[in-house]
Amino acid sequence: MTLSSQTKNLLKAHEEVDAKIEPNAGWRDLPIGAVIPQGGTATQFATGDWRTIRPVWSKEKCINCHRCWLYCPDMSWISEDGRIQGVDLTYCKGCGICANVCPTKVHAIEMHPEDDFKEDEAAKEGGK
Amino acid sequence: MALPDLAKKPQRFTGGHRACAGCGFPITIKIILQAAENPVVVGCATGCMEVTSTIYPYTAWRCSFIHTAFENAAATVSGIEAAYRSLRRQGKIQQDIDFIAFGGDGGTYDIGLQSLSGAMERGHKLVYVCYNNQGYMNTGIQRSSATPRGANTTTTPAGTQLPGKPQHPKDLTAIMAAHDIPYAAQASMSHWNDLYRKAKKAFAVDGPAFLNVLSTCRLGWATAPEDTVDAAEGAVQCNVWPLYEVEQGKWKLTFKPKKPLPVADWMKQQGRFKHLFRADNSQLLESIQQQVDENWQRLLERCGE
Ligand SMILES: Cc1ncc(C[n+]2csc(CCOP(=O)(O)OP(=O)(O)O)c2C)c(N)n1
Ligand code: SF4
Ligand code: SF4
Ligand code: SF4
Ligand SMILES: [Mg+2]
């Protein structure tokens, strides 16, 4: 059976929790159930592999209005010191909201099929 | 507040959650959490928000978070708030903390209504946010008392026997305002500035506050993922979802469409209303428009417009 990267991540995270339990631990030593002791662990879960279309940003056209940053449900637009730096595809599910809310006259984001990037990425992998 | 400045503040809800591509409520969470100045304690009722954001051992929340059952987010958070007040009285905590309870429309309009009513009546200082996606979405799109009339859901299937949900949604925001709480408001994730301002007010009042925030479910509404913001915007523009607030008993409209769209224009964009455009359902469509118009008139009167 081939496991998806997401399932592998999940299993790894469970193993990390399990590894903290000593082999002869009594019930008092077990971690409390259903408690996630740390915030923001979802950042270890890359939902980007759901994506079939990809936002492509034009720095030249962008007017820095931040509508993409605001309306992206997956927190994918990077803003530093109030300037949009581009999109981080780690969590981007390719919904296309950003391209849609970018002002019509500006049109700084275009959605492209993931297939268009396959060759680029294969070349990159080969070069490693 | 300008958006580039809003983006300078660290976010407390992360990517990596498992909501559908193009889901509306992460946007609602983002706007509300950016409006909170203090550390927050969040309680969340079972539903899409909780299920997709806290799949063990992952959590998208960078703040204290407690998952409650479907029916008791308000009770849980009011308990936490009461404990906090006690600790503060005892001098064990000095810091200001904001308390937020999130519930879906199923968890708020229906099964959680009594615990919500109790928390509001007891006067806890908490902000209850109903992220309203107009149906029980996490269990596969069943009708709730927030689902619009005519919508196709799995428990109101549109077919030869039924043209979708028979009832008009109930007016929960007015019910909450009738609790005489200091602040109750209706907002939409499409109108971020309005929602941000309302969230600020909700955090600032000394007592309970209630926000009813329209948050598109593109799966249940059967809309394209990229149209999530437009779909919520349309509901506001056709008066299906008016934006208003009730502050210390005073009703105020916070947005007035220049020329309200026909409700049919909003419905046309959504697969859940597809059957309403058959010739045999034209009367129903008219009757829905009439009800929306009547509600709008009543709201205008309440707001002294
Ligand atoms: C007491 C109880 N009954 C039923 C369920 C099953 N259940 C889980 S989520 C859900 C629907 C939630 O609907 P809503 O509150 O509108 O949130 P949404 O999923 O739409 O975001 C239901 C019925 C449950 N968890 N607990
Ligand atoms: S496509 Fe969707 S998830 Fe990806 S960056 Fe744009 S808004 Fe965010
Ligand atoms: S919405 Fe468009 S113009 Fe605005 S910041 Fe994003 S990319 Fe730039
Ligand atoms: S079913 Fe609807 S509310 Fe639930 S995650 Fe998907 S789009 Fe969001
Ligand atoms: Mg719902």
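Quick caveat: nothing in here was measured; it's all calculated off a predicted structure. Every chain is numbered from 1, with letters handed out A, B, ... down the list of sequences.
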Select one option (side chain, backbone, both, neither) describing which atoms of A:Gln38 are under 4.5 Å from chain B's heavy atoms.
backbone

Could you state the interatomic distance from NE2 (B:His17) to NZ (A:Lys93), rounded to the nearest 0.5 Å?
4.5 Å

Residue from B:Ile29, B:Asp227, B:Leu3 scoring the most non-hydrogen pairs under 4.5 Å with chain A is B:Leu3

Can you tell which part of A:Cys92 gets under 4.5 Å to a heavy atom of chain B, answering side chain, backbone, both or neither?
neither

Under a 4.5 Å heavy-atom cut-off, does chain A meet the side chain of B:Trp61, its backbone, both or neither?
backbone

Hey, does B:Tyr58 have a side-chain heavy atom less than 4.5 Å from the side chain of A:Ile36?
no

Option that, when pairs with chain B are counted at under 4.5 Å, heavy atom only, ranks first among A:Gly82, A:Ser79, A:Gly96
A:Gly82

Under a 4.5 Å cut-off applied to non-hydrogen side-chain atoms, are B:Val229 and A:Asn100 in contact?
no

If you count heavy atoms of other groups shown closer than 6.0 angstrom to NZ of B:Lys274, is the number above 12?
no

Output the option from B:Asp5, B:Leu6, B:Ile66 having the highest count of non-hydrogen pairs under 4.5 Å with chain A.
B:Leu6

Could you tell me the separation between the OH atom of B:Tyr56 and the OG1 atom of A:Thr41, rounded to the nearest 0.5 Å?
9.5 Å

Please look at B:Ser190 and chain A and tell me whether the side chain, the backbone, both or neither of the residue comes under 4.5 angstrom of a heavy atom of that chain.
backbone

Spatial distance of atom OG1 (B:Thr59) from atom CZ (A:Phe45) [nearest 0.5 Å]:
13.5 Å

What are the two closest heavy atoms between B:Gln11 and A:Trp69, and how far apart are they?
NE2-NE1, 3.4 Å

Counting heavy-atom pairs under 4.5 Å with chain A, which one of B:Cys63, B:Cys23, B:Gly15, B:Ser53 comes out on top?
B:Gly15

Nearest 0.5 Å, please: how far is NZ in B:Lys30 from SG in A:Cys72?
5.5 Å

Quick one: CG on A:Asp74 to CZ on B:Phe13, what's the gap to the nearest 0.5 Å?
9.0 Å

Can you tell me how far the OH atom of A:Tyr91 sits from the OG1 atom of B:Thr14, to the nearest 0.5 Å?
6.5 Å

One option among B:Gly24, B:Ala2, B:Ala7, B:Ser64 has the most heavy-atom pairs under 4.5 Å with chain A, and it is B:Ala7

Using side-chain heavy atoms (C-beta onward) and a distance below 4.5 Å, is B:Arg62 in contact with A:Thr43?
yes

Heavy-atom side-chain proximity of A:Cys98 to B:Glu226 below 4.5 angstrom
no

Restricting to non-hydrogen atoms, name the atom on B:Gly22 and the atom on A:Cys95 that form the minimum distance, rounded to 0.1 Å.
N-CB, 3.3 Å

Heavy atoms of A:Cys65 and B:Pro4 approach each other most closely as O-CD, 4.3 Å

Leading residue by heavy atom contact count with chain B [cutoff under 4.5 Å; candidates A:Ala42, A:Ala99, A:Gly39]
A:Ala42

